[in-house]
Chemist: 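Sharing a structure with you now.
Letters A, B, ... mirror the listed sequences (proteins, then strands); counts begin at 1. Note that this is a predicted model, so its numbers are computed, not measured.
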Number of protein chains: 4
Amino acid sequence: MPLSPAPHRRWSRRKQARPSEILAAALDVFAERGFAAARLDDVAARAGISKGTLYLYFPDKAALFKALVREAILPNLDQAEAALASHTGSAEALLRALVRRFLAVLLDQRLIAVPKLVIGESGNFPELAEFYLNEVIRRGKSLFAQVIERGIAAGEFRAVPAAVAAPLVIAPVLFTAIWKSTFEPHDPGNRFDAEAFLDLHLDLLLHGLSRSPDGSPEPQA
Amino acid sequence: MPLSPAPHRRWSRRKQARPSEILAAALDVFAERGFAAARLDDVAARAGISKGTLYLYFPDKAALFKALVREAILPNLDQAEAALASHTGSAEALLRALVRRFLAVLLDQRLIAVPKLVIGESGNFPELAEFYLNEVIRRGKSLFAQVIERGIAAGEFRAVPAAVAAPLVIAPVLFTAIWKSTFEPHDPGNRFDAEAFLDLHLDLLLHGLSRSPDGSPEPQA
Amino acid sequence: MPLSPAPHRRWSRRKQARPSEILAAALDVFAERGFAAARLDDVAARAGISKGTLYLYFPDKAALFKALVREAILPNLDQAEAALASHTGSAEALLRALVRRFLAVLLDQRLIAVPKLVIGESGNFPELAEFYLNEVIRRGKSLFAQVIERGIAAGEFRAVPAAVAAPLVIAPVLFTAIWKSTFEPHDPGNRFDAEAFLDLHLDLLLHGLSRSPDGSPEPQA
Amino acid sequence: MPLSPAPHRRWSRRKQARPSEILAAALDVFAERGFAAARLDDVAARAGISKGTLYLYFPDKAALFKALVREAILPNLDQAEAALASHTGSAEALLRALVRRFLAVLLDQRLIAVPKLVIGESGNFPELAEFYLNEVIRRGKSLFAQVIERGIAAGEFRAVPAAVAAPLVIAPVLFTAIWKSTFEPHDPGNRFDAEAFLDLHLDLLLHGLSRSPDGSPEPQA
DNA sequence: GATGAATGAGTATTCATTCAT
DNA sequence: GATGAATGAATACTCATTCAT
């Protein structure tokens, strides 16, 4: 749990907790307003500190943004990589588990706001896009590529190019998270059924990846 | 071609051309900076007019944004719906054609900026998210759902729930367009191979959708 | 009738009528918004012409203001001076008549807006204050002073200094007009009873002015 | 003394003093330019602060205006009401004292600018006119009406309708203050003799109000 | 003459950042 | 460390004025 959404335990030294509290507040505000429209006043107020104190911890708004990306996302990648390393079951089971965990993290921790911010601000903050690309996306893509390769090696999957297939696993997950955070609040009647959507996604995908008993041809790269 | 990227005309009948010229400029600036960080000065400068002239055509920044969505996106939907109505071949061929056309429009006309803007600004402009949801997304989703239903009716596809499957067709296309506009500029070595990616997407998808001769089981909803 | 509040007679040559129509529109707009907040767009729209046409008749906003003062007020002064010259009855009757006429003009023609504008803009347009002082106020004050002097000369009034007393006649009239245009619209329950107010004003004033042999007031006619 | 025209204090406890300093500056600028033409830059400069600091104390221009009305006028009304409550002498003495005090406040503190602003901006800021009507004018009118009623009750004055007569007391005072602030600066030769004017006003008025020994008839309402 | 599209200087307001306390 | 008052650069928006048609 990289961010501390709770007011924090009584006995914790404040100075230790502050950065995380601030980042949690920043995530909220950035998620609601976007980067440019987010006001540091609001971040400070939500973190329960003064605006000046913000600058004791983060030199400027962009640094706050970067720290948020770093602290919010990377631990989840560490966790997923550990899961990959320790997994012993089938590639399909691992793929299903990672996809569900991926979506859960994006939604439960409101972390979907982070890629949305990166996407929205890549024009204004190229270094952030680069950082995100190198530290987050590459690792995530590699993670799923490894799962696919493991499945191919084990004879579970057909020999698709893993680097091309990996984003194909991810895209509907991101789609779901973006949808739920962007459109569902404005679409009161229709809940987006993420379960059914991801079930169908995984079923079609795994069906397509599976070595079919009838010897259906390998899809071309 | 809803936007006129062409520079200027003679010194008359300008009033007709202005709105499109302004919207083309606005698309550029919004795409580069996002909504909140875009300066109307820049839009005006890029359209070759003064700031005041902007306000002769659009009452405020939000209206400019809305008009952009309207004029840039809707004609493409009209076109796609016409293609659906007049298509006589297989559902698969139609699906492949629409997906390619969809991506081409997003990239060639830089229109991917529009959904990115909507996503980034939905917190600040809820009415815009609603408008986009109702006018664009619903129609697009319905379009692909109809193609799938047509395939099911024709016996080409298995009986998947079309409303759930439609976003599954779309997600990788949006992913590609977002990737190419957001990350590829910062990732000079690695070109994202959209061709290969969409080929694999369509192959796996159509494979999964196809009525297998051996009577493989229908995927559960 | 210096201003033309009506759309104008069909047969009138427009070029003749235009300036008056514009000034009538300007009076409306200035009365509603004050000088600085009045928009020439509104004046033009209300006059039924384009903004450019305004500049064919008046070089700038200040000139419009000055012309308004000139055309709206001076004819009424001419009229009042003519009434003074031709009057043959008692000074009291003349005073009463002029006071009532003064108020009626201010209210009926919405001319109260003009002194209000002069008062409000004297800091920004010193020349206008000077013009109004010299062309309007001096003449008005002189007018009432002459009536008082005539009354003194005729033995109707006591020998008060006429130049000091004249503004004393005027002040409650202006007060009434300002009240009715400024506060009565926001005070729906309470109509300001201008009749009773001016009656009391004139009664007390004339009572105070009246020549009594024993130093006590003579009963008024 | 509600406004602090004094320049500055030590470098602390400034937050206390700021609002009054700002309002004093605002009174100056509004008095010179009117509301719409006043620039907040000028207010800030005159208050010795930056433009941004203004917004720390007043949310917008209209709020500055309202606060000015509130802080500048109401204490004087409190004072006058206290004087009325504690006065033990004749109604005439009280009336004379209040009238002189009224004028002195308007001129010494430049407060005449406030009713001039209200009059000039009532079209643009109806709520301000309402506020001024309810908080200032009603109380002021009631104040003078009470003095008159006290005089009637004590047998000093004739039985005139006090609510009608009260504005009659006030009108020449306002006239004087408006004159001195609006026209006297542009009329270098002729000083307006406020002393003589108010003397004559009070003499005629009190003469008219006084119970004449010869039993002259009460003026009709 | 008349129009109204175009202009750009002008102003209210916001907000990231600083710094004296 | 923490505060929050102060700053001023930045920007959306307005409107008097001009001028090609």
Side-chain angles (χ1 to χ4, degrees), chain A residues 13-15 18 33 35-45 48-64, chain B residues 10-18 36-45 47-64, chain C residues 13-15 18 33 35-45 48-64, chain D residues 10-18 33 36-44 47-64:
Chain A
R13 287 294 70 84
R14 222 47 189 298
K15 288 169 224 170
R18 277 279 154 80
R33 320 288 309 260
F35 180 79
R39 278 172 294 150
L40 293 194
D41 274 306
D42 289 347
V43 174
I49 59 173
S50 75
K51 210 171 16 162
T53 304
L54 225 49
Y55 283 83
L56 296 177
Y57 293 95
F58 302 98
D60 58 19
K61 200 183 186 183
L64 188 62
Chain B
R10 330 287 165 297
W11 218 122
S12 80
R13 225 149 356 119
R14 204 47 164 307
K15 205 197 170 188
Q16 317 277 339
R18 277 282 148 82
R39 276 175 294 143
L40 293 192
D41 277 312
D42 288 347
V43 174
I49 59 174
S50 74
K51 206 172 14 164
T53 303
L54 222 50
Y55 285 85
L56 252 34
Y57 294 93
F58 302 97
D60 57 20
K61 202 183 184 182
L64 188 61
Chain C
R13 288 293 70 86
R14 222 49 188 298
K15 287 171 223 170
R18 276 281 153 80
R33 318 289 310 259
F35 180 79
R39 276 173 294 148
L40 292 195
D41 275 306
D42 289 346
V43 174
I49 61 173
S50 74
K51 208 168 19 159
T53 304
L54 224 49
Y55 283 83
L56 296 176
Y57 293 95
F58 301 98
D60 58 19
K61 200 183 185 183
L64 188 61
Chain D
R10 330 285 163 303
W11 218 122
S12 79
R13 228 150 352 121
R14 203 47 163 308
K15 206 198 171 187
Q16 316 276 337
R18 277 281 148 80
R33 319 288 311 257
R39 276 176 292 145
L40 292 192
D41 276 312
D42 288 347
V43 174
I49 59 174
S50 74
K51 209 171 12 164
T53 303
L54 224 50
Y55 285 85
L56 253 33
Y57 294 94
F58 303 98
D60 59 19
K61 203 181 182 183
L64 190 61

Chemist: Between B:L64 (CG) and F:dC13 (P), how many Å, whole number?
Modeler: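 It is 10 Å, rounded to the nearest whole Å.
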Chemist: For D:A44, which contact category applies under a 4.0 Å heavy-atom criterion: base, sugar-phosphate, or nothing?
Modeler: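 Here D:A44 touches no strand at all.
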Chemist: More 5' along DNA chain F: B:D60 or C:F35, using each one's nearest nucleotide?
Modeler: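 Counting from the 5' end, the first nearest nucleotide belongs to B:D60.
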Chemist: Between D:Y55 and E:dC15, is there a contact of a side-chain N or O with OP1 or OP2 at under 4.0 Å?
Modeler: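 So the side chain of D:Y55 is outside the cut-off, no N or O lying under 4.0 Å from OP1 or OP2 of E:dC15.
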Chemist: Nearest-Å distance, CG (D:L40) to C1' (F:dT14)?
Modeler: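 To the nearest whole Å, that distance equals 15 Å.
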Chemist: Give a yes/no answer on whether the side chain of C:Y57 brings an N or O atom under 4.0 Å of OP1 or OP2 in E:dA2.
Modeler: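 Yes, because at least one side-chain N or O of C:Y57 sits under 4.0 Å from OP1 or OP2 of E:dA2.
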Chemist: Counting only side-chain N and O atoms of A:T53, is one of them less than 4.0 Å from OP1 or OP2 of F:dT3?
Modeler: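 Result: yes.
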Chemist: Using a cut-off of strictly less than 4.0 Å, decide whether A:R18 has a side-chain nitrogen or oxygen near OP1 or OP2 of F:dG1.
Modeler: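 Checking F:dG1 against A:R18, no side-chain N or O comes under 4.0 Å of OP1 or OP2.
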Chemist: Quick one: A:L54 CG to E:dC19 P, roughly how many Å, whole number?
Modeler: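 My rounded result for the distance is 17 Å.
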Chemist: Write down the distance between CG (B:D41) and C1' (E:dG8), rounded to a whole number of angstrom.
Modeler: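 B:D41 atom CG is separated from E:dG8 atom C1' by 10 Å.
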Chemist: If you pin B:A38 and C:A62 to their nearest nucleotides in DNA chain F, which one's is more 5'?
Modeler: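 Going by which nucleotide is closer to the 5' end, it is B:A38.
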Chemist: Tell me whether the side-chain N or O atoms of D:K51 pair up with the base of E:dT13 as donor and acceptor below 3.5 Å, since no angle test is needed here.
Modeler: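 Counting by modelled atom types and ignoring angles, a donor-acceptor contact under 3.5 Å is found here.
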Chemist: As a test of reading the structure: which of F:dA5, E:dG4, E:dT7 is closest to the side chain of D:L56, going by heavy atoms?
Modeler: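 Looking only at heavy atoms from C-beta outward on D:L56, the closest nucleotide is F:dA5.
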Chemist: Using a heavy-atom cut-off of under 4.0 Å over every strand shown, decide if B:A37 touches base, sugar-phosphate, or nothing.
Modeler: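 Since no nucleic acid heavy atom lies under 4.0 Å of B:A37, the category is nothing.
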Chemist: May I ask you to say what A:A36 touches in the nucleic acid, namely base, sugar-phosphate or nothing, with a heavy-atom cut-off under 4.0 Å?
Modeler: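 If one applies the 4.0 Å heavy-atom cut-off, A:A36 turns out to touch nothing in the nucleic acid.
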Chemist: Which ranges of DNA chain F pair up as stems, where a stem means three or more consecutive Watson-Crick or G-U pairs with both distances under 3.5 Å?
Modeler: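 In DNA chain F, stems of three or more pairs: E:2-21 with F:2-21.
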Chemist: Nearest to the side chain of C:K61 - E:dT17, F:dA16, F:dA6?
Modeler: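 Among E:dT17, F:dA16, F:dA6, the one nearest the side chain of C:K61 is F:dA16.
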